[in-house]
Amino acid sequence: MRTVIFDLDGTLADTSGDLLAAANACFCHMGHGDVLTQAQDAGVALRGGRMMLTTGLNRVGAYSPELVDQFYPMLLEAYKSDIDTHTVMYPGAMEAVEVLKSRGVAVGICTNKPEALAQQLLVSLGVRDAFASLVGADTLPVRKPDPAPLLEAARRAGGDPAQTVLIGDSDTDRNTSANAGLPSILVTFGPSGEDMAALKPEGLLAGFADLPDLVDQVLAAHLAS
């Protein structure tokens, strides 16, 4: 069965506002105030908690690996307690998911967000049941860009890993699919969208209305190669 596996943050949903709020809660606890801003750091937020802490601490001249390790659990707790105040699904995302499923395509999620937080967010947004699988950063001993989580997400979705395309928004997603010998489609509507073409994915997506047909094209080309 053909399979589409989605990244979560920055691909299906804009989670940057709640992630930045959690990081700033840590910086405020340190006495630095709100270090990160939506306008400047939305792309940083979508690269994870440790990247936000690293970026903010460098900005205030206080970076150390030990401080990142110390405050990372606090960031996760802050995010868990306020996970969906600002988060929204990207327009047309769930409509595209339903079209794919109507065409007999298995769909799942592979994210570098911890699995429990991803589960909590998807349930809160009311979309968890639309996806046949969810593999997070800690589901397996490895995480993206290792190909194992992507392949496991495809298997858990009931699909064929060899007929899988990954939908993402970053070099991590591009490298994950390449490491698996599979195609990727990268979205251009996120904070780092202008950088996606340089990664040379098999497809670029400007809006979810185009996704089902683009998946057909990309997978047909992959299976013919």
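Looking only at distances, a side-chain donor or acceptor of D18 sits under 3.5 Å from a matching main-chain atom of T85. A donor-acceptor contact shorter than 3.5 Å links the side chain of S102 to the backbone of V99. Side chain of N24 to backbone of V35: a donor-acceptor contact under 3.5 angstrom is found. Within the 3.5 Å criterion, the main-chain N or O of L121 finds no donor-acceptor partner in the side chain of S124. A distance-only check finds a donor-acceptor pair linking the side chain of T3 to the backbone of M1 [under 3.5 Å]. Panel note: side chain T139, backbone G136; a donor-acceptor pair is recorded below 3.5 Å. N179 places a side-chain N or O within 3.5 Å of a backbone atom of P145 that can act as its donor or acceptor partner. For E202 (side chain) and S184 (main-chain N/O), a donor-acceptor pair under 3.5 Å exists by modelled atom type. Within the 3.5 Å criterion, the main-chain N or O of K80 finds a donor-acceptor partner in the side chain of Q120. Remark: the backbone N or O of Q40 is paired with a side-chain donor or acceptor of T37 at under 3.5 angstrom.
Once rounded to the nearest 0.5 Å, the distance linking CD1 of I185 with CD of Q217 reads 8.5 Å. Atoms CG and OG1, from D9 and T15 in turn, are 3.5 Å apart once rounded to the nearest 0.5 Å. With rounding to the nearest 0.5 angstrom, the CG atom of L100 is 12.0 Å from the CD atom of E95. Atom CZ in R2 sits 4.5 Å away from atom CG in D216 (nearest 0.5 Å). The distance from the SG atom of C110 to the CG atom of L151 is 9.0 Å, given to the nearest 0.5 Å. In this structure, D169 CG and L205 CG are separated by 11.5 Å, a value rounded to the nearest 0.5 Å.
Cluster annotation: L122 is connected to Y79 through the hydrophobic network of ILVMFWY side chains, with a link wherever side-chain heavy atoms come within less than 4.5 Å. V107 and V127 fall within the same hydrophobic cluster, defined by Ile, Leu, Val, Met, Phe, Trp and Tyr side-chain heavy atoms under 4.5 Å apart, directly or through other members. If you chain together hydrophobic residues whose side chains sit under 4.5 Å apart, M51 and V60 fall into the same group. The same ILVMFWY cluster, assembled from side-chain heavy atoms under 4.5 Å apart, contains both M94 and L134. Note: the hydrophobic cluster containing F208 also contains L219 (ILVMFWY, side chain heavy atoms under 4.5 Å, direct or indirect links).
For T55 and N58, the side-chain atoms include no donor-acceptor pair closer than 3.5 Å. Side-chain contact annotation: T172 with N175, donor-acceptor N/O pair under 3.5 Å absent. Counted by atom type alone, Q38 and S16 present one or more donor-acceptor pairs between their side chains at under 3.5 Å.
For the pair A118 and L8, the tightest heavy-atom approach, listed with the atom from each and the gap, is CB-CD2, 4.0 Å. In plain terms, the two heavy atoms of E98 and A130 that are nearest each other are OE2-CB, 4.0 Å. Nearest approach of A13 to T87, heavy atoms of both residues: CB-CG2, 4.2 Å.
At least one side-chain heavy atom of L57 sits under 4.5 Å from a side-chain heavy atom of L67. Within the 4.5 Å cutoff, side-chain heavy atoms of P149 are placed close to those of V142. Contact annotation: the side chain of L166 never approaches that of L182 to less than 4.5 Å [non-hydrogen atoms, C-beta and beyond]. Between H222 and V165 there is no side-chain heavy-atom pair separated by less than 4.5 Å. Between I5 and I167 the shortest side-chain heavy-atom distance does not fall below 4.5 Å. No side-chain heavy atom of P201 sits less than 4.5 Å from a side-chain heavy atom of M196. Within the 4.5 Å cutoff, side-chain heavy atoms of L19 are placed close to those of M52. Under the 4.5 Å side-chain criterion, counting only non-hydrogen atoms from C-beta, C26 is in contact with L53.
With sequence neighbours left out, R50 forms a side chain to side chain contact (heavy atoms under 4.5 Å, CB included) with V68, D69, Y72. For S225, there are no side chain to side chain donor-acceptor pair (under 3.5 Å) partners two or more places apart in sequence or in a different chain. In this structure, K200 has no side chain to side chain contact (heavy atoms under 4.5 Å, CB included) partners at least two apart in sequence or on a different chain. For R143, there are no salt bridge (charged side-chain N to carboxylate O under 4.0 Å, His left out) partners, not counting sequence neighbours. Checked against side chain to side chain donor-acceptor pair (under 3.5 Å), Q119 has the following partners two or more places apart in sequence or in another chain: R128.
Less than 6.0 angstrom separates the ring centroid of Y90 from the ring centroid of F189.
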Quiz item: Can L199 and L186 be said to form a side chain to side chain contact (heavy atoms under 4.5 Å, CB included), step by step?
Solution: CA-CA 9 Å; L199 299 176; L186 300 182; 3.7 Å; yes
Self-check item: Audit row: D34, F27, side chain to side chain contact (heavy atoms under 4.5 Å, CB included) steps and yes/no
Solution: CA-CA 6 Å; D34 289 342; F27 296 131; over 6 Å; no
Practice problem: Might you work through the salt bridge (Lys or Arg N to Asp or Glu O under 4.0 Å) test for D41 and R47, ending with a clear yes or no? | Solution: CA-CA 10 Å; D41 302 305; R47 299 189 71 85; over 6 Å; no
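Ring planes of F6 and F131: perpendicular class, angle over 60° (limits at 30 and 60°).
No option in T111, D173, T176 other than D173 meets the side-chain hydrogen bond (donor to acceptor under 3.5 Å, both in side chains) test with K144.
In the displayed structure, M89 atom CE is contacted under 6.0 Å by more than 12 heavy atoms of other residues, nucleotides or ligands.
Membership of an apolar cluster is not assigned to L223, as no side-chain contact below 4.5 Å to another ILVMFWY residue is traced.
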